[in-house]
Each structure stands twice: as structure tokens, then as C-alpha cells.
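Reading through the C-alpha cells given below for one structure.
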Amino acid sequence: MLESYVIVLLLGCVYGFFIGLVPVAGATVGLIAIYGFVGYFEDPYMLVVFTTAIVVTSSIGDSFAAVVMNIPGAGSAAATMVDGFPMTRRGESARALSAAISTSWYNGIIWGLLVFLFLPYYTKIVLYFGSIEMFTFLIFAMTCVIFISSKYFIRGALALVAGICVGHIGLDPDSGVLRWTDVIPTMVDGSLTWVPWIYLADGVNMIPVMAGVLAFPELLTAFRTKVETVKLDATNIKEQLIQGIKDSWKYKIDGLRGGFIGAFVGLVPGIGGAIADWFAYSQTVAASSKDGGDEIPVGKGNVRGVIGCEGANNAQKATSYVPTILFGIPGASFEVIIMGLFMYVGLELGTIEVLQDERFFDVLLSSYLWSLLIILPVAYGFIRYAVYITNIPFSYYFWPILASLVWSSTQQNMYEEYIVLGACMIAGLAMKYFKFSRVSFLIGFILSARIESSWIQFNTFGYGWQDILFNPLPCFFVVAAIAALIWGLFFNKARIDFV
């Protein structure tokens with residue numbers, strides 16, 4: 001059995017690193033593409049090992065495309081391009097990659113230990129969460145999703161509501177009545193009427209929603225993007241690699257500050273991803289302007305810009321597991337996919353069964369740390385060959401990845417699944433074009449059942465707003481939600497508009 005786990009770990013590291021190299025793919029697309037292979041894992045914990053390895057190694061790999069091609073391996077690596085690609089133009093791509101890898105790696109170790117080593121103890125926090133606490137925590141989470149992660153907060157709110165509505169399609173768990181399934185037009189006695197689509201009785205399948213709304217628009221964008229590439233100077237790679245490691249130590253304050261920012265952002269439900277990197281990068285810019293003395297300004301090819309944002313990379317991914325595992329509320333977009341994958345094998349995050357499963361936490365910790373230890377020498381050794389892989393035209397990646405997404409979304413080979421996937425692809429493209437937050441939509445979709453049950457419990461138990469104001473934890477979440485709203489509206493300079 002141990003040999004099987006080792007093989008799964010190595011396969012996850014190889015696959016995750018490769019998917020990180022592919023422009024705009026990253027952990028989210030890589031995780032969606034493995035839905036069709038879930039049945040091949042011998043037990044649920046092998047899936048935990050595999051997905052954890054993907055998350056860790058893709059976080060390292062996605063820096064390559066950002067530095068060498070000026071296109072991110074994932075949205076969270078977009079800030080790395082600002083200084084990374086100018087360094088490549090100057091012949092210092094190996095230095096930039098080395099600094100990025102080193103900074104991301106040691107922050108992954110620091111925050112990974114703080115999260116996964118003590119995560120079983122954090123589960124005691126859940127003991128303080130009753131119905132009213134969970135209700136107000138969801139209010140805080142949804143406020144963060146709408147007002148912090150995107151600058152189009154009205155469209156973000158509409159996207160969140162739309163996701164909740166789509167999540168409610170199917171059989172009402174309380175009344176047993178079908179809701180929002182009357183979508184087939186039919187002529188009855190000469191008049192047009194709508195009849196239920198029985199396929200939707202069990203709800204909308206999660207996989208085509210994830211693939212169509214989140215992954216497909218990014219793949220299509222990368223397919224249509226013209227990429228500028230610069231050849232790697234192979235004569236001094238070793239010297240640049242060593243210099244990048246030295247830079248990571250020299251500017252460790254920038255890297256540690258980025259790690260702290262990424263860790264904090266990862267703890268806040270529903271944000272994660274690119275906003276952590278951009279926020280960390282903005283603080284690096286501010287710090288460098290105060291320090292002065294840099295020959296090359298941050299933003300024009302300064303290695304400090306790479307180090308600052310890369311500090312947030314693995315730190316954010318580690319801490320985003322906390323709200324996901326403890327409360328079943330995703331800390332980032334890739335955690336939405338993690339939740340869905342684990343549900344398929346009977347590990348429903350946020351439930352007592354998982355929180356009391358000691359083996360689950362042991363496997364999570366060991367697979368995270370082993371993945372980091374494996375990927376560091378691999379990433380350093382791969383710098384020499386980075387150009388040969390990252391410069392392959394994206395059209396060669398596009399069709400295999402798209403085929404994998406379609407296959408994963410249509411496992412039952414029913415024509416209804418192709419219809420749903422096609423509708424989700426169109427919806428995803430429309431949301432991206434009109435700048436409606438797709439992450440908000442997906443979080444609303446995945447949390448729809450929990451939001452509904454919390455609201456029902458809040459009303460059933462006769463809670464009122466006075467109970468929120470005079471209970472410390474619910475009151476804290478409401479105050480935090482108000483603070484998040486004010487910060488998002490008036491002070492947040494790191495908002496993004498492409499998710």
C-alpha cells in the first residue's frame with residue numbers, strides 16, 4: 001500500500017508541475033481535468049495525496065510561463081510577469097526563476113507547517129460554531145467574495161446570487177418538490193407551456209459548471225493570445241541560479257511580508273488566488289519606493305518585484321485549506337474543485353466525519369511536505385529547459401486539455417451532459433466578457449445548499465438580529481463583514497477584474 005501512495009505522490013508532482021507550466025492552466029484547470037479519473041484511486045486518501053501534490057507543484061511551475069513568456073501559468077502568477085519578463089528580456093530569466101522558486105518554496109514550508117501540522121487542533125474552533133455563528137460567518141464570507149476580490153462589486157453580487165440560484169435547481173430537500181426545472185417548452189392545447197427537464201431533478205452537475213464557467217474561458221483566451229518569447233541564455237544559468245537564491249535571502253523581508261499577506265488572504269473565505277499576489281506586490285512597490293537605492297525600479301525588471309509576489313504564492317494556497325476543511329467554505333477557486341473531488345470519494349469537507357479523521361490530516365500534512373521536498377530540485381534543474389517547454393505553441397496544449405475537460409464533464413455519456421457543458425461554456429464566456437465574477441458565481445453555486453440550510457435554521461430556531469448583536473462571535477463576523485465592505489469599496493487597491 002505504501003508503494004501505491006508513493007507512486008500516486010510522484011505522479012501528482014509530475015502532473016502538477018507540468019500543468020503549472022501550461023499558460024493560464026494552473027491548479028484549477030489541472031484539478032478539473034482529473035474528475036474523470038477519480039474512480040481509479042484505490043481509496044479516498046490517495047486522492048488527497050494526488051490533489052495536494054498538484055496544488056503544491058503547480059504553484060511552483062506556474063512561475064515559468066509568467067517569467068519566460070509574459071503570460072501566467074495561473075491567475076495567481078500574473079503579478080510575477082511585471083518584473084519577471086523584463087528580467088528575461090535583459091537575459092536574467094534564470095535569476096528571476098530561481099528567486100521565484102526559492103521564495104515560493106520557503107514560504108510554502110513555513111505556512112504549510114503552521115497550517116497542516118496544527119490543523120487538527122484548529123478543528124476545536126468548530127465547537128464554537130452553532131447555527132447563528134455559521135449564518136453570520138457565511139455573511140462575512142459572501143461580503144468578502146463580492147467586495148474584496150473584484151472591483152465590479154455589483155456584478156459580483158449578481159454573479160453570487162446567480163450561482164446560488166443554479167445551485168438550488170433540482171429537488172427541494174424539505175418539500176420534495178422540483179424547483180426551477182421547468183425549462184422545456186411544450187405546446188399543450190394550443191398554448192405554450194413549460195415542463196420539467198427530469199435530468200435536472202438531481203441538480204446541476206458540478207463538473208460541467210466548473211469546466212465551462214471557470215476553465216474553458218481561460219483556455220480560449222490563452223489560445224487566442226499572441227505570446228512574446230525570449231530565448232534563454234544558457235551560458236550562465238548556474239551563476240544566475242545561485243544569484244536568484246542569494247536574492248531570495250537578501251530580500252527575505254519582501255518575501256516574508258508577501259508570505260504573511262498571502263497567508264492572511266488565504267484564511268479569508270472565497271478570496272484567494274490572484275488578489276493575494278497583487279496585494280503583496282503592491283506592498284513591495286511601496287516598500288521599495290521608501291527604501292530607495294534600487295538601480296532598476298520595481299515594475300521595470302527588479303528581482304524584488306518577483307520575490308514580493310511569489311512570497312504570497314504557496315502561503316496563500318496553504319492557508320486557504322483552513323476555511324475549506326474546517327467549515328466547508330472554499331478559501332480560493334481551486335478549493336472549490338478540491339471540495340467537489342473529495343465529495344466524490346466520500347470526504348465532505350466541513351463535516352464532523354472529516355474533522356475527526358486523524359488519517360486524513362496525517363496524509364494531508366505528509367503529502368504537502370513531501371511534494372515541496374520533491375519539487376525544489378526538480379524546479380531548479382528544469383530552469384535550463386524551461387524555454388523548450390514553455391515556448392511550445394499553446395494550440396498543442398489546448399485540444400488535449402479541452403478534450404480532458406469534456407470527457408471529465410460527460411462521464412455518463414448522456415446528451416444532457418453535453419447540453420449543460422455547452423450552456424456553461426457560453427455562460428462562462430459571457431461572464432468573462434461582461435466582467436461578472438466567475439469565482440463569485442462558483443462559490444455561490446457550491447455553497448447554495450449550506451446558505452439555504454443556515455437561513456432555515458436561523459429562522460426555525462427563532463433567532464433575531466438582537467441575538468447577533470449580543471453574542472460575541474456572531475457580532476464579530478458582522479463587524480468584520482462591514483469592515484470588508486468598507487475596505488472593498490474605498491481602500492482596496494488590489495482588486496482584479498478577470499475572475
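Worth knowing before you read on, the calculation uses all heavy atoms, side chains too, and leaves out hydrogens, waters and symmetry mates.
For the side-chain contact (heavy atoms from CB on, under 4.5 Å) test, residues two or more places apart in sequence or in another chain that qualify with V161 are C165. Partners of W180 according to the ring pair (Phe, Tyr, Trp, His ring centres under 6.0 Å) rule, which considers only residues two or more places apart in sequence or in another chain, do not exist here. Every residue two or more places apart in sequence or in another chain was checked for a salt bridge (Lys or Arg N to Asp or Glu O under 4.0 Å) with E353, and none qualifies.
A perpendicular orientation is assigned to the rings of Y344 and Y35, their planes being inclined by more than 60° (bins at 30° and 60°). Using a 30° and 60° split on the angle between ring planes, Y321 and F116 fall in the perpendicular class, above 60°.
What you find for A379 and I60 is that their closest heavy atoms are CB-CG2, 3.7 Å. Heavy atoms only, all atoms of each residue included: K435 and R155 are closest at O-CD, 3.7 Å. Contact detail for I19 and S58: the closest heavy-atom pair is CG2-CB, 4.0 Å. Residues G262 and T319 share a closest heavy-atom pair of O-OG1, 3.8 Å. Contact detail for L256 and N107: the closest heavy-atom pair is CA-OD1, 4.2 Å. When every heavy atom of R438 is checked against every heavy atom of V213, the shortest pair comes out as CD-O, 3.0 Å.
More than 12 heavy atoms of other shown residues, nucleotides or ligands fall within 6.0 angstrom of atom OH in Y15. Counting heavy-atom neighbours within 6.0 Å of K250 NZ, excluding the residue itself, gives a total of 12 or less. Atom CZ of F476 sits in a sparse spot, with 12 or fewer heavy atoms from other residues, nucleotides or ligands closer than 6.0 Å.
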Review point. side-chain contact (heavy atoms from CB on, under 4.5 Å) between N471 and T136: does it pass, once the steps are laid out?
Key: CA-CA 11 Å; N471 280 285; T136 50; over 6 Å; no
Review point. For L341 and L347, what are the C-alpha separation, side-chain angles and deciding distance, and is it a side-chain contact (heavy atoms from CB on, under 4.5 Å)?
Key: CA-CA 9 Å; L341 285 166; L347 295 172; over 6 Å; no
Practice item. Might you work through the side-chain contact (heavy atoms from CB on, under 4.5 Å) test for F140 and T143, ending with a clear yes or no? Key: CA-CA 5 Å; F140 168 62; T143 304; 5.5 Å; no
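Proximity of a side-chain donor or acceptor of T123 to a complementary backbone N or O of P120 within less than 3.5 Å is detected. Counting only distance, with no hydrogens or angles, the side chain of T284 and the backbone of G305 share no donor-acceptor pair below 3.5 Å. The backbone N or O of G331 sits less than 3.5 Å from a side-chain atom of T324, completing a donor-acceptor pair. At least one donor-acceptor pair closer than 3.5 Å links the side chain of W105 to the backbone N or O of L372. No donor-acceptor pair closer than 3.5 Å links the side chain of S408 to the backbone N or O of L405. In terms of modelled atom types and a separation under 3.5 Å, the side chain of S366 and the main chain of V363 share a donor-acceptor contact. A donor-acceptor pair is defined here as one N or O able to donate and one able to accept, closer than 3.5 Å; no such pair exists between the side chain of S454 and the backbone of M134. For R179 (side chain) and H168 (main-chain N/O), a donor-acceptor pair under 3.5 Å exists by modelled atom type. Within the 3.5 Å criterion, the main-chain N or O of V48 finds a donor-acceptor partner in the side chain of T52.
Going from atom CD1 of I446 over to atom CE of M210 covers 4.5 Å, rounded to the nearest 0.5 Å. Atom OH of residue Y251 and atom OG1 of residue T103 lie 12.0 Å apart, to the nearest 0.5 angstrom. To the nearest 0.5 Å, atoms CG (L114) and CD1 (I109) are separated by 11.0 Å. Rounded to the nearest 0.5 Å, atoms CG (N302) and CG (D247) are 9.0 Å apart. Taken to the nearest 0.5 Å, the CD1 atom of I261 stands 12.5 Å off from the CD atom of Q316.
Two residues are said to be in side-chain contact when any heavy atoms from C-beta on lie closer than 4.5 Å; N205 and L421 fail this criterion. Between I468 and I132, some side-chain heavy-atom pair lies under the 4.5 Å cut-off. You'll find the side chain of I54 stays beyond 4.5 Å of the side chain of F334, heavy atoms only.
The closest side-chain donor-acceptor pair between Y45 and D357 falls under 3.5 angstrom. Between S371 and T57, the side chains place no donor N or O within less than 3.5 Å of an acceptor N or O (distance only, hydrogens not considered). Between E417 and S409, the side chains place no donor N or O within less than 3.5 Å of an acceptor N or O (distance only, hydrogens not considered).
Across S448, S437, P330, C144, a single residue satisfies side-chain contact (heavy atoms from CB on, under 4.5 Å) together with I443, and that is P330.
Taking the six-membered ring where the residue is Trp, the centroids of F436 and F441 are separated by 6.0 Å or more. Aromatic rings from F17 and F64 are positioned such that their centres are separated by under 6.0 Å.
For the pair R257 and D254, the salt-bridge criterion is met [side-chain N within less than 4.0 Å of a carboxylate O].
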